[in-house]
Amino acid sequence: MNIFKLYRDKIIDILKSASKESLIKLPENLNSINVDIPPSKFNCDISTNVAMVLSKPNEKSPIALAEILSNLIKENDHYIDNISIEKPGFINLKLNKDFWNYFLKNIINDKNYGSQKSLNQKKYLVEFVSANPTGPLHVGHSRGAILGDVISNLLKFNNQIVTKEYYVNDYGNQILHFTKSVYLRACEILNKEVFPTDNPDLYPGEYIKHIAKNIIDENSNLNFNNFDDISRELTVLSVKESIKLIKFNLNNLGVNHDNFASETEIVKNNEVEEVIKKLKKDNFVYNGKIKAPEGEDNSNWVEREQLLFKSTDFGDDKDRPIQKADKSWTYFASDVAYHYTKLNRKYDLLINILGADHAGYIKRITAAVEALSGEKNKLICKVSQLVKLIKDGKPFKMSKRKGDYITVEDLINEVGKDATRFIMLNRSNDVEIDFDFSKVKEKSKDNPLYYVQYCYARISSVFRNINQNINNEIDIKKYDFDYSKDEIKILKKITEWPKCIEVTTEKFEPHRIPVYLYELSSDFHSYWNMGKEDESKRFITKDNKINDDKIVFLKIISNVIKSGMNILGVETPEKM
RNA sequence: GCGCCUGUAGCUCAAUUGGAUAGAGCGCUUGGCUACGGACCAGGAGGUUCUGGGUUCAACUCCUAGCAGGCGCACCA
């Protein structure tokens, strides 16, 4: 139940019938009419800008119009306690006690309060992480992993159908180098030769040794005398080990994909050739040359003719190569083929979560999806910005070459899953995060996660003290409560929850949820402390009982916190 | 050179998808625990929202021209 939508509909109905009676003139487009949350300093619950929007077509001042409209609104709605007009022409409504009873009765046992029930059900494919299967995940990956996971949870909360997919780039040069590294480590273990440290293409990380050891132990038939003889088999085994590590890391973060799609499979099934054939037919692929980028060192640049995709047709700044000099496909080519398989699986909307270093890739891949589907905005890409690691007050640079990067496993061991998720989600995905290892650990008390969890734990403690289960439904026959000003302040915050979900869903910006939960918790902690001086604000009475209005009040708050935390994939312990 | 992201209080960040006197945390500062859980709360100081134009009844938000920082730019994925 979104009361802002409810009142927007009500007001528009009122306007329409007033317009029929020629009392007012309506503009052609009613979209800019809003019903919103008023700033807290006003003693009211909802506000609308209608008078200002209608000012022009009616050739009246907003204030004059507001007087007419506010009378009309008041006559037509019995939940209004008071209606007032403010400066530029806002109409502010204060709702009466009947309204709050109606509202609470409506949502008290609604586990999905806040979800957008009016939304049509669609099929989504969310692709995220998709890190190269050449080793465990590091901190940077975790942000994208959490973002993708929470966007998926959010869609599911809104009753959408979601597939979470990981695209495994198990093809190409990086995999070859990776497999070679595993091979050389295996040779090292078998005392055949020392691992070369001077080859920058190889992966020197410690984990490669473990992978090699596992493969040796489990495959006694494998003969490590010649790389070429076993490279094919070893690639499969190495990637498998790598995926095992990655799945372990994802599991550390509380992330589970539904599906792992393999690039090798796509190449093997000739899907690349097929998709290029289709694009050629539609004139999106041609032979041409591209210019070297200016402003950087181009001394190695060799201009040559190659197969290009015409992404400039869709707003990209240059056309993009799909074939390398040696005639093999570029990464982009197989990715286009992969996206073609997504389209063939009949999803309504594709979502990709990318790391900041791949942001420059967005235009070409959305262009490709548009070329293939003929639909704009079929693919939506969200970027998870950099996580800047700070240790002891100094930036900590990670180097994949040296193998000294901080893995997800390190992160979880230090900070924990819930804190990692909450901290990463608490900021907009478009801004870089300073992740100060020592600080997050030391100052765990200042962590916003605990602030929200503490709120839930406090509510739980009340239920525990009166021997009730916080998870049970509330059964109250008559809703005839008269809440105080301080309680209504929190109930108002509760009315914002569906709006928060709506905006979060529309913009795919999960940070709005932790921000909201923090604010709600803050209001609650504040109220809780009032109980020290004002006995009427305490939940449990002297004879160890609780009144129905307080039960309802607590239950609503805990419900919202719980569903918010569920979307974030974070626990709500009843005791801390 | 081009593209994308960012620029808001001393620091880290929000801002109801264009609304009213721009809000939190940290830090600084003054107070509050015989109390349903102090991992908490109440108060104070702190702002030319990077700059210049424009659109609008209304701009942190949109457009435009700049400035600063980050990321990226075929033959890696």
Side-chain angles (χ1 to χ4, degrees), chain A residues 4 32 34 36-42 47 49 52-53 55-56 61-62 86-90 92 130-132 134 169 171-175 177 263 289-296 300-304 306 308 316-318 320-321 323-326 328 330-332 334-335 355-363 383 385-386 388 426-428 430-434 436 439 443-448 450-451 453-455 457-458 460-462 464-466 496 499-500 502-503 506-507 509 511-512 515-516 518-519 522 525-533 538-541 544 546 575-576:
Chain A
F4 303 98
S32 50
N34 291 330
D36 269 308
I37 306 151
S40 53
K41 65 190 165 191
F42 296 108
S47 100
N49 65 351
M52 287 177 289
V53 176
S55 166
K56 223 175 201 176
S61 80
E86 289 295 336
K87 249 188 330 186
F90 288 99
N92 289 344
S130 299
N132 284 349
T134 55
N169 302 128
Y171 185 82
N173 280 324
Q174 290 301 318
I175 292 298
H177 298 316
E263 183 181 3
K289 291 176 181 173
I290 46 169
K291 284 182 193 153
E294 287 174 43
E296 60 175 52
N300 297 333
W301 190 276
V302 185
E303 202 176 79
R304 61 183 173 81
Q306 59 190 153
L308 299 174
D316 201 356
D317 47 319
K318 29 175 133 162
R320 303 294 174 173
Q323 210 166 26
K324 299 179 195 172
D326 66 359
S328 67
T330 60
Y331 170 77
F332 177 57
S334 55
D335 204 24
D357 52 343
H358 290 72
Y361 189 75
I362 293 175
K363 272 191 183 165
V383 171
Q385 273 299 335
L386 245 54
K388 282 192 286 185
N426 200 25
R427 302 261 178 269
S428 154
D430 278 332
V431 306
E432 297 181 5
I433 298 184
D434 287 327
D436 192 327
K439 227 178 184 176
K443 296 193 170 180
S444 62
K445 281 184 187 173
D446 293 333
N447 193 315
Y450 299 114
Y451 188 83
Q453 286 184 329
Y454 187 41
C455 178
R458 273 183 155 169
S460 301
S461 82
V462 174
R464 200 164 46 240
N465 281 325
I466 52 160
E496 294 176 26
K499 207 175 166 88
C500 171
E502 187 188 349
V503 177
E506 202 146 321
K507 297 181 127 182
E509 289 180 347
H511 74 279
R512 290 163 188 276
V515 167
Y516 170 86
Y518 189 91
E519 288 168 0
S522 174
H525 287 310
S526 174
Y527 182 87
W528 181 281
N529 276 276
M530 288 177 197
K532 290 179 178 177
E533 284 168 6
R538 295 182 62 121
F539 295 105
I540 298 177
T541 56
N544 216 31
I546 187 166
K575 279 183 184 174
M576 289 172 72

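Order of the sequence lines fixes the chain letters, A, B, ..., with proteins taken first and strands second; residue numbering starts at 1 for each chain.
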Output a table of nitrogen or oxygen pairs between the protein and nucleotides 56-66 of chain B separated by less than 3.5 Å.
from	atom 1	to	atom 2	distance (Å)
B/rC57	OP1	A/K56	NZ	2.5

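- Evaluation of the side chain to side chain donor-acceptor pair (under 3.5 Å) rule for A/H525 yields A/R458 as partners, not counting sequence neighbours.
- Of the nucleotides present, B/rG52 is the one that pairs with B/rU64 by Watson-Crick or G-U wobble criteria, both distances under 3.5 Å.
- Shown here are the side chain to side chain donor-acceptor pair (under 3.5 Å) partners of A/R512, two or more places apart in sequence or in another chain: A/E509.
- A donor-acceptor contact under 3.5 Å is formed by the side chain of A/K532 with the base of B/rG38.
- Scored by the side chain to side chain donor-acceptor pair (under 3.5 Å) test, A/N529 finds A/K532 as partners (sequence neighbours excluded).
- For the side-chain contact (heavy atoms from CB on, under 4.5 Å) test, residues two or more places apart in sequence or in another chain that qualify with A/R304 are A/Q306, A/A325.
- A search for ring-ring contact (aromatic ring centres under 6.0 Å, His included) contacts involving A/Y527 returns A/F539, A/F553, not counting sequence neighbours.
- Using Watson-Crick or G-U wobble geometry with both donor-acceptor distances under 3.5 Å, B/rC2 finds its partner in B/rG72.
- For A/D357, there are no salt bridge (Lys or Arg N to Asp or Glu O under 4.0 Å) partners at least two apart in sequence or on another chain.
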Fill in the blank from the handout: In B/S/- notation (B base, S sugar-phosphate only, - none; protein heavy atoms under 4.0 Å), nucleotides 5-16 of chain B written 5' to 3' is SS-----SSSSB

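- Under the salt bridge (Lys or Arg N to Asp or Glu O under 4.0 Å) criterion, A/E432 pairs with A/K388, not counting sequence neighbours.
- For a distance-only test at 3.5 Å, the side chain of A/S47 qualifies as a donor-acceptor partner of the base of B/rA20.
- Scanning all heavy atoms of the two residues, the minimum distance from A/L386 to A/A356 falls at CD1-CB, 3.8 Å.
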